[in-house]
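Read the numbers this way: they start at 1 and go in the same order the structure lists the ligands and their atoms.
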Amino acid sequence: MTMGGSLDQARALMMIPQSVVYLNAGSFGPLPRSVYETVAGFRHELACDPAAFLLRRVPGLLWHARTCLADHVGCDAHRLAFSTSVSAAVSMIAASLELCTPGEILLSDQEYQTMRWCWERVAARTGLRLRTFGLPSGACTEDDLLDSAVREMRATTRLVFFSHVISGTGVILPAARICEQAQARGIVSVVDGAHAIGAIPVVLRDIPCDFYVGSCHKWLLAPSGSSFLYMGRAGEARLHPQTISWGDGPDRAAESPGQDVPDIHGSTPRLRRLECEGTRDICPWLAVPDAVAFHRAIGVNRMLAYRRTLAQDARARLEALKGVEAATGSATEATNGMMGFALPRGVAAGAVQRMLWEHYRIEVSVGGLGDRGMLRVAPHAYNTATDIAVLADGLERVLHALREP
Ligand SMILES: Cc1ncc(COP(=O)(O)O)c(C=O)c1O
């Protein structure tokens, strides 16, 4: 890796076209050239001689990728299974767990829509009730966030699911403290770290959760198709793969000894059982070390501080626009450097997103929150204050055009 570890050079190391203002790392992270070249190189090897690559090269590369990611997120490698997406990992957890009924599943009221659907399906299948705890909407402390979850935990709560970082606003939840409270009450905790990994420092061994899932393809800037599932306290024997493949023979019962010992496949028997889904392309997983190297070269804390200054700048500029309000109530320091904005009432979110792209080549997420469009600014190390100014200017013109067609 040839990067000099400078924020100034970050943009030059990315593959983003010059004409594009990319402010959407929260949905999909673009790739540093080094990461792209690594994954493309692996795919070349896979294409040339799949047997040599899959049978002889992958095991060493896979264990290296696992230990590198485990080191980055502060956990033991034998508790970390790669997955294709957060959706796949959460679906496996949701399909596997046998929760006592009657009872309830508790979620925050700001969970990612598809994650909510996943738990709704569990509720429909098992008869468990789905209940939400409301996160504070305005400026709040970490204690307020903790209290919002804890005061809704009851003797009948079987599982709590929440985002480490809220996807619409970037607000960081006190994951370790919420999990501690869940653990004390015998409640299974599942943490969605989609917006935490690569965005804020994460030390999984300090979070007493049952399961933690994370995306590598967003803030970490690894290829699409790279995510992971971390098994915390005693959760491992409760998981069952959704696809039966080579890891799942009769001799591989989850409770049998040796489950956590590294094997010849770059896994452990327990991890291989969860990861192996037949023959497929796992090159994105193998390129994760390059994404980690990109982050380490600049520094996770340095990037976070920089992203927060950009988010602060976005707040100052966008809130100056008529009808636009910050939807992130908390101080920028309480976020992962992402900022949500409610758009003026009556303005169609889809039209704003389309026009920002078509007229200004600005890539930004615009969704809906109740009756208002919600624009999310998700800057990364490769963005600059100029990008934020271009967004503010473009948004002002788009809103003007939509008000007065
Ligand atoms: C909070 C959150 N959870 C889960 C997901 C789903 O992630 P994936 O697309 O990797 O399945 C997303 C995607 O944006 C997200 O923002």
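- Between Arg280 and Thr84, the side chains place a donor N or O and an acceptor N or O closer than 3.5 Å (distance only, hydrogens not considered).
- Under the rule for a ring pair (Phe, Tyr, Trp, His ring centres under 6.0 Å), Phe228 has no partner lying at least two apart in sequence or in another chain.
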task: Check the pair Cys209 / Tyr230 against side chain to side chain contact (heavy atoms under 4.5 Å, CB included), numbers first and verdict last.
output: CA-CA 9 Å; Cys209 60; Tyr230 163 72; 4.0 Å; yes
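- Results of the salt bridge (charged side-chain N to carboxylate O under 4.0 Å, His left out) test with Asp71 over Arg66, Arg296, Arg205 single out Arg296 as the only residue that passes.
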For ligand 1, find each of its N or O atoms that sits under 3.5 Å from a protein N or O atom, and tabulate the pairs with distances to one decimal place.
from, atom 1, to, atom 2, distance (Å)
ligand 1, 3 (N), Asp192, OD1, 3.4
ligand 1, 3 (N), Asp192, OD2, 2.6
ligand 1, 10 (O), Val86, N, 3.2
ligand 1, 10 (O), His217, NE2, 3.0
ligand 1, 11 (O), Val86, N, 3.4
ligand 1, 11 (O), Ser87, N, 2.9
ligand 1, 11 (O), Ser87, OG, 2.5
ligand 1, 14 (O), Tyr112, OH, 3.3
ligand 1, 14 (O), Lys218, NZ, 2.5
ligand 1, 16 (O), His195, NE2, 2.8

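- No close placement of the Tyr22 and His380 rings is indicated, their centers lying 6.0 Å or farther apart.
- Remark: Arg57 engages Glu45 in a salt bridge, criterion side-chain N to carboxylate O under 4.0 Å.
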